[in-house]
> 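For reference, the structure I am asking about is given below.
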6 protein chains.
Amino acid sequence: MLRLSTPGYQRFAQAKELEMCYGGGEANVAYSLANYGVDASLVTRLPENDMGDACMKELRKYGVDTSKILYGGERLGIYFLETGAVARASKVVYDRAHSSFSSIEKGMVNWDEVLKDAAFFHWTGITPAVSQGAADACLEAIQAANRLGVTVSCDLNYRKNLWKYGKLASEVMPELVAGCDIVLGNEEDAAMVLGIDPEGMDVTSGHVEAEAYRSVSQQIMKLYPRVKKVITTLRGSINANHNTWSGVLYDGETLFKAADYDITHIVDRVGGGDSFMGGLIYGLLSYEGDDQKVLEFATAASCLKHTIPGDYNLVTVEEVEKLMAGDASGRVSR
Amino acid sequence: MLRLSTPGYQRFAQAKELEMCYGGGEANVAYSLANYGVDASLVTRLPENDMGDACMKELRKYGVDTSKILYGGERLGIYFLETGAVARASKVVYDRAHSSFSSIEKGMVNWDEVLKDAAFFHWTGITPAVSQGAADACLEAIQAANRLGVTVSCDLNYRKNLWKYGKLASEVMPELVAGCDIVLGNEEDAAMVLGIDPEGMDVTSGHVEAEAYRSVSQQIMKLYPRVKKVITTLRGSINANHNTWSGVLYDGETLFKAADYDITHIVDRVGGGDSFMGGLIYGLLSYEGDDQKVLEFATAASCLKHTIPGDYNLVTVEEVEKLMAGDASGRVSR
Amino acid sequence: MLRLSTPGYQRFAQAKELEMCYGGGEANVAYSLANYGVDASLVTRLPENDMGDACMKELRKYGVDTSKILYGGERLGIYFLETGAVARASKVVYDRAHSSFSSIEKGMVNWDEVLKDAAFFHWTGITPAVSQGAADACLEAIQAANRLGVTVSCDLNYRKNLWKYGKLASEVMPELVAGCDIVLGNEEDAAMVLGIDPEGMDVTSGHVEAEAYRSVSQQIMKLYPRVKKVITTLRGSINANHNTWSGVLYDGETLFKAADYDITHIVDRVGGGDSFMGGLIYGLLSYEGDDQKVLEFATAASCLKHTIPGDYNLVTVEEVEKLMAGDASGRVSR
Amino acid sequence: MLRLSTPGYQRFAQAKELEMCYGGGEANVAYSLANYGVDASLVTRLPENDMGDACMKELRKYGVDTSKILYGGERLGIYFLETGAVARASKVVYDRAHSSFSSIEKGMVNWDEVLKDAAFFHWTGITPAVSQGAADACLEAIQAANRLGVTVSCDLNYRKNLWKYGKLASEVMPELVAGCDIVLGNEEDAAMVLGIDPEGMDVTSGHVEAEAYRSVSQQIMKLYPRVKKVITTLRGSINANHNTWSGVLYDGETLFKAADYDITHIVDRVGGGDSFMGGLIYGLLSYEGDDQKVLEFATAASCLKHTIPGDYNLVTVEEVEKLMAGDASGRVSR
Amino acid sequence: MLRLSTPGYQRFAQAKELEMCYGGGEANVAYSLANYGVDASLVTRLPENDMGDACMKELRKYGVDTSKILYGGERLGIYFLETGAVARASKVVYDRAHSSFSSIEKGMVNWDEVLKDAAFFHWTGITPAVSQGAADACLEAIQAANRLGVTVSCDLNYRKNLWKYGKLASEVMPELVAGCDIVLGNEEDAAMVLGIDPEGMDVTSGHVEAEAYRSVSQQIMKLYPRVKKVITTLRGSINANHNTWSGVLYDGETLFKAADYDITHIVDRVGGGDSFMGGLIYGLLSYEGDDQKVLEFATAASCLKHTIPGDYNLVTVEEVEKLMAGDASGRVSR
Amino acid sequence: MLRLSTPGYQRFAQAKELEMCYGGGEANVAYSLANYGVDASLVTRLPENDMGDACMKELRKYGVDTSKILYGGERLGIYFLETGAVARASKVVYDRAHSSFSSIEKGMVNWDEVLKDAAFFHWTGITPAVSQGAADACLEAIQAANRLGVTVSCDLNYRKNLWKYGKLASEVMPELVAGCDIVLGNEEDAAMVLGIDPEGMDVTSGHVEAEAYRSVSQQIMKLYPRVKKVITTLRGSINANHNTWSGVLYDGETLFKAADYDITHIVDRVGGGDSFMGGLIYGLLSYEGDDQKVLEFATAASCLKHTIPGDYNLVTVEEVEKLMAGDASGRVSR
């Protein structure tokens, strides 16, 4: 997807040029992983035109495998971004309807081939939201992954405005989530997508209690027995420039809680959740059996994402581990 | 329509930002007229979002009346532009399908109200190309204009790639052209849109003989008796930076030929034809009975357009008349 | 007035380009109102050259009525702005002497015609500061407004360096303020312009007590019996990037106090007071009888202004009301 | 003087930022000379503010001695520049009235001190045009230079729009020119400033005959016996991007004619004449007795100026001499 | 190698930012080939730092295989570029000494492995110029290619200023050229590198006779019997913006001559020869046996390169073939 | 030295252009002093190419005397800077090996001549780190200064990665420091350079106790009896955007402590220490005998540096003294 953002906090009507970046939920996770040196391949559909080509080249630049990408369909999805400040929220104008990606259909991808040597298959709740075809293809992929023993992770990522093809998230998502091993989501996602009662949590307060996520996680695991870990990012929105950041991971027994980060001067918060997921998968691949460390890696990685312009994270394992080790001082590295 | 262009001759994959401009065939004519101090109103449909709003504000800035604009539909049409140089052609990637404009339908506009005090109604061949609804609304407008005695002008503007809703230009356009008083078009337009034989003209040669347009014009007038003037721009494409430019106007008796301009360092050639049409309407309103002067104004105006970045012309009557008077020296005006 | 500012916190001597914006006290109020959908017309004088024309086009773009603008005089006023950071103050170099605006004179504007359907006439203390002619024209306008029953609002806006034509603010302003219904000003304005004793208030301390404004307001109302409301913005200057922001309104009986905002990452604080005034007038027109709400709207609106680059506010009523309702979280609006 | 120009051929109303450069007739000559390694000092008056300071720093950067600059007055003169293309002329909007420079007066500069070790004193016709004080100071300087045996050079540089303080160029200039040894000017300058008959020359034709300048030169020398050399630049204005360029020098006996240059892709033609004068003075200092070489240096230097963005020339003696030697091929120098 | 160039024809001392691009002789050829869809791998050495990493990512973005790159050494080579105009030549300041590439040594690369499935091995005369180690590694590679039956192509590319490690080109190059099948070079290269008499050719005249290259080619083939084709680009340097362009290919029997191109508005001429070589190799792979077509492809491809900013060519086979077919009109491709 | 930095918090691989600035330890001190109106001359060695010339011009622009600069050697040292945010540290990639400066050698500078009228000679620990020649020349200068009674100041400035020519800082620095009167350094410098025990101080904690510096200072003075004042900057690194800032000065008797500054929105922290040193020297020259004031000036000056983009400080004495007087409110200065 092409992101076009106004420079320097300008409102849309003020802008004379737009900054470009190529992102999107699953793509951002792939960028993160490629950056950590993990083989990551993106399966999507891009238009056969220069915009699709430029998007592919950006993925390839950062090391994402682009050989599984399909070409065809009408257009590259776009979203326009106006970056907010203090009490003025960032604003997104979606222009992603009729995208090549939304035209993907069951049967277009040979998932057994694609997934044959994979360790992870990751999808987000945006995919089944855009079209019936995308939902079908997603289900097909999850089933193949389950069949092949590939771990399936999911970011519920509920976006009300995207579900426009005649079905509700609550009708489509349960079957998909049922095939997942790892689920990332917050209480709003859980409520809207899976019908789970968030028990009085209040997301607009800018402050959330980690412990409260235990119940939501347990409800998810009860409904979807395949799910082994439920993870939630904890964002405290002090204002558009200043957030707090942490995460919790529940493994069915323990509720792990990550360190708290105070992100006082956000550069770009878009893609924060995706970078968390990218860090989580890296952690699961690298620190097997140490869920605290897995969670800390994901949280520190996504904390750093907030300092990088664009949708995707561009930090190294060394940089994340330095932050995990406690050095948040930002002293010049010469 | 939003135009997004790469800066500094960059190819799409090289760009990190895109320059914005809001144009489109009929809009560009309105910009020209407003700039000359003529009241000009644009009837279109824009999405109810920030991109539609920004487009409206750009029109308003340059004095186009925006009070007749409808709001609704899915999205603002976009086209991506990569400016070519020398032997490398400029490249346009259209992303205008499903635009708010294409969702316009018969009955949405009260044409009698809109046109009641108008002197001219202008449309281009792009409108009936984008959707059946737009073609219907265009016909409706032409019929109202004919009824109210409003002069109807048309730029045939044939774009093969736009006719995608199941009808051919040759099926739709004749009925629309039949209601026109003034027709702008070249031999390719005439052939593809109206089925007229260009008699061996060769547009790729970079050199065209003005006299050859007499026959095409006469054929158009014979088929469409309402048409009183047929006009053609004469572009000689030496290369992407260097064109020659002129125009011919046939009034049923005389074939007028404008001065020849040598545009050696093109800044932006998009919208050249639209600026010609804007100049032509201004000329018809201002130099009644002097078709040579009308044509010279249109040609000089559009010659100057090639030096202005963006889709639309931003020159004054004084600047055009100075060029008509023969001063093409470009000496600094202090 | 043309504002030319250095990009990216550069000092003047470092800059190679300057960013342009067209603002000015009364103009900024007009922009605000137009943006809220209120008909707003600016009466000013611009030079008959391209800079005057560009200034007019910017106003028109954002919906300000420009049909009352006079043309003539020598030049467009300019101010150069260097944006400060932390302990380094922003710096303004005025270059507004001999402006077309300062050449305005009594008798140039037909105020009865201009104000005949108006609800409000707004002026700032900058106008009478620039020239005798401007002071005269301002008085003429106030008298017409009083005669026609148009509410007169004023922002005292004392700028010591502007009073250069031989008179002191304290000589000129009282007669003008006597015709006002609504007065915006702080204790420094009141002291220097109206000779009112601020009773030991200290503006450089970065912290001001709202209650202390009651006395200043009462003194103003006693001296100027026409004045029905006195309003003051409360800016706490922690540093150049971080201010606190609120406001008080005294209606002769009650001292209303707005919510306090913590503006931690200022984008552009110029025009803060003007955006407050724009919000105030909108509030008075829309929430008649609810002065608390009027004040809250003005305060929230101007809080948001600090996040918008340029001199004038570009926020919608919905955005202001969302903030008034308490959501300052800056969460992405998708 | 501060020049503010729109980037990328934009018209004034399109621009969102302006590019800065600090130039002016005499300053540009000083820049040229400093660049060739010649000691050059600028005598001017700048305002005591950041804009004056930035202007001084730009001069100092390129090696011009700034120790003779006076400080005071109201403002730094400004001119706005919109760069034209092809048939659209570049446009200058002057905003230099009330400048600090125009406030200079007789007696402010100790010319005997300033000129005591100088070889040349150079002035342009712009100086006496801006104010009586500047004209007086200029005369004072010329008289001191004559007294001290310092060669006086002058660029007549007639600009109709600048003479606004109540006197005509033809009233003021003769006395000043009478003190000159070297005069640069074209036939229009000679006619308007000195009342000399250009004998039917046509400057708008884009083609001028070198030989025709002999008569004008002879008339000047007859009227002003001190003048030893009269020089004229020959600009053929094919269009705004393409000029031809040459020069003639008459020494009272011989009319020297420089090589003809074809400047096919002008980058910036402002300051062309000043760079010619800079080259001429360098030539007179370096190639004494070889007027052909002097003229060739001046012409080649100013030909190169057309390729440099900004008002002043930034080329080395080596670069000029390479072009004089005939290498105009523009091959990459590695 | 990192290229840092001043924007907008600025001289070095004027610049406040530099535009980045990652190029270099052999890299540019690889970019071209990857762009045509040919597998291309670059063997080089990059520093283990962020600049080396960024260089690798740029190669990967455009599809060049980066898996054979070695890491280590001190620094990434840099060259600074100031783009000239008209009679002012572009200027290159090399800062490539001590580069990681120059630290490459014999034995570092397993050439048998690298070349085992290759069709072509290409090198340029810059490689043996930078260090003894690079020369040794180059020889090693050529010998492996000869052993494995891989075609070896070479661009003689003589740069006097680069040979600084104590040997002359004429001492080192002959042994390397002896292993080549295809040689690209002009008469200056042949003279300086191989000691061949150019027989009075004059490269600075801006006009060269194709036929004259037959003799040089024959001399090369006589001295180096392995060489089967000698190719020369024909650049006529009218000025820095305007060149003519063609090429000749001698196959031992016939001297083929390409079409002549008139490149009237050069965007970037750096890398012209490399893009020619890239086109030549593509042609040899695709049009076997049709040397005229091979040469036309190379010439048309490199003609288009002159319109692309940066060091390397970014055109498709379709674009090149369209130009070969004669359409140099630069008409907008919609 | 040329600094090339990525704009807008971009990572190196994201950048398409780099912002330029010319700095370096001693140069930054000279810039500061020149800005305060103190005569300051830089002794360095620059390459004889356009990059060296541009560096010299930048120094000259800001008033640093460049007449003592030597020319020669291979290249201008470069460092690449990626500005960090929050928990992501800024990153420096040095590319300064083989610089012209490092090629300086004993005997190249006539120090007696250079220092004959100087009040201060300042050097930093970077100079002896880059090469034996630079260390030798530095010693030579210190000895001359001692001989001539010129006060010698030193910023220990330990950079581990720079000491690469075979000697350790602890082998080279003591002899140099022995000739110093004023020493600036922190506990890490003292430990690594002079072998002094920092007694458990922890620099990464983001909080340092001023008092703890007494012991380090006393140890330095004991070892180097010539040293009369030891100064340390106190930086608390809360994160990359937010630092606290102060300083201590020990004069052998009293430990002076400056005011604490809270730098909440850092614009550019590079050169903070150099600007402190510049302020210190200015203070020593201007407030003789009042070490508290000297220290306050240095601290306030360098606090302001954090708000200026680039390596060097561009503030006036008035601006520093305004901050010293307690006004850190950043209110707009009109």
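Each chain gets a letter, A, B and so on, in the order its sequence line appears, and its residues count up from 1. Everything quoted here is computed from the prediction, not taken from an experiment.
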> Less than 4.5 Å apart, side chain to side chain, heavy atoms only: is that true for Tyr79(E) and Leu4(E)?
no
> With a 4.5 angstrom heavy-atom cut-off, which part of Asn161(B) approaches chain E: side chain, backbone, both or neither?
side chain
> Where do Arg3(E) and Ile78(E) land on the side-chain contact (heavy atoms from CB on, under 4.5 Å) test, with the steps shown first?
CA-CA 6 Å; Arg3(E) 156 176 148 178; Ile78(E) 294 176; over 6 Å; no
> Can you check whether anything in residues 11-30 of chain B gets within less than 4.5 Å of chain E, heavy-atom wise, and list it by number?
Arg11(B), Ala13(B), Gln14(B)
> Is the backbone N or O of Arg75(B) less than 3.5 Å from a side-chain atom of Ser100(B), with the two atoms forming a donor-acceptor pair by type?
yes
> Taking all non-hydrogen atoms of both residues into account, name the closest pair between Ala169(B) and Tyr158(B) and its distance.
CB-CE1, 3.7 Å
> Which value, rounded to the nearest 0.5 Å, describes the distance between Thr66(E) atom OG1 and Lys68(E) atom NZ?
9.5 Å
> Tell me if a side-chain donor or acceptor on Glu171(B) pairs with a main-chain N or O of Leu168(B) at a distance below 3.5 Å.
yes
> If every non-hydrogen atom of Tyr165(B) is compared with every non-hydrogen atom of Ala135(B), which pair is closest and at what distance?
OH-CB, 3.7 Å
> Parallel, tilted or perpendicular for Tyr287(E) and Tyr282(E), by the 30°/60° rule?
perpendicular
> May I ask you to list the residues in residues 83-96 of chain B that approach chain E closer than 4.5 angstrom, counting heavy atoms only, ordered by number?
Ala85(B), Val86(B), Ala87(B), Arg88(B), Ala89(B), Ser90(B), Lys91(B), Val92(B), Tyr94(B)
> Report the C-alpha distance between Arg235(B) and Thr244(B) in whole Å, list the side-chain angles of each, state the deciding distance to 0.1 Å, and finish with yes or no for side-chain contact (heavy atoms from CB on, under 4.5 Å).
CA-CA 6 Å; Arg235(B) 184 187 293 281; Thr244(B) 59; over 6 Å; no
> With a strict 4.5 Å heavy-atom criterion, list every residue of residues 292-316 of chain E that contacts chain B, or say none.
Cys303(E), Leu304(E), Thr307(E), Ile308(E), Pro309(E), Leu314(E), Val315(E)
> Among His242(B), Gln10(B), Arg159(B), which residue forms the greatest number of heavy-atom pairs with chain E at distances under 4.5 Å?
Arg159(B)
> If you apply the rule side-chain contact (heavy atoms from CB on, under 4.5 Å), what do you find for Phe101(B) with Leu76(B), and how did you get there?
CA-CA 8 Å; Phe101(B) 177 64; Leu76(B) 186 65; over 6 Å; no
> Is there a side-chain contact between Asn157(B) and Asp274(B), using heavy atoms and a 4.5 Å cut-off?
yes
> Please report the closest heavy-atom contact between Ala34(E) and Ala40(E), naming both atoms and the distance.
N-CB, 4.2 Å
> Show the nearest heavy-atom pair for residues Pro128(B) and Trp123(B), with the distance to one decimal.
CG-CZ3, 3.9 Å
> Would you say Ser5(E)'s side chain and Leu81(E)'s backbone share a donor-acceptor pair under 3.5 angstrom?
no
> What residues of residues 258-272 of chain B make heavy-atom contacts with chain E at a cutoff under 4.5 angstrom?
Thr264(B), His265(B), Arg269(B)
> Can you find a side-chain donor-acceptor pair between Thr124(B) and Asp155(B) that sits under 3.5 Å?
no
> With side-chain contact (heavy atoms from CB on, under 4.5 Å) as the test, would you mind laying out the steps for Phe276(E) and Ile231(E) before giving the verdict?
CA-CA 10 Å; Phe276(E) 187 97; Ile231(E) 306 100; 3.3 Å; yes
> With a 6.0 Å cut-off (strictly less than), is the heavy-atom count around NZ of Lys257(B), excluding the residue itself, greater than 12?
yes
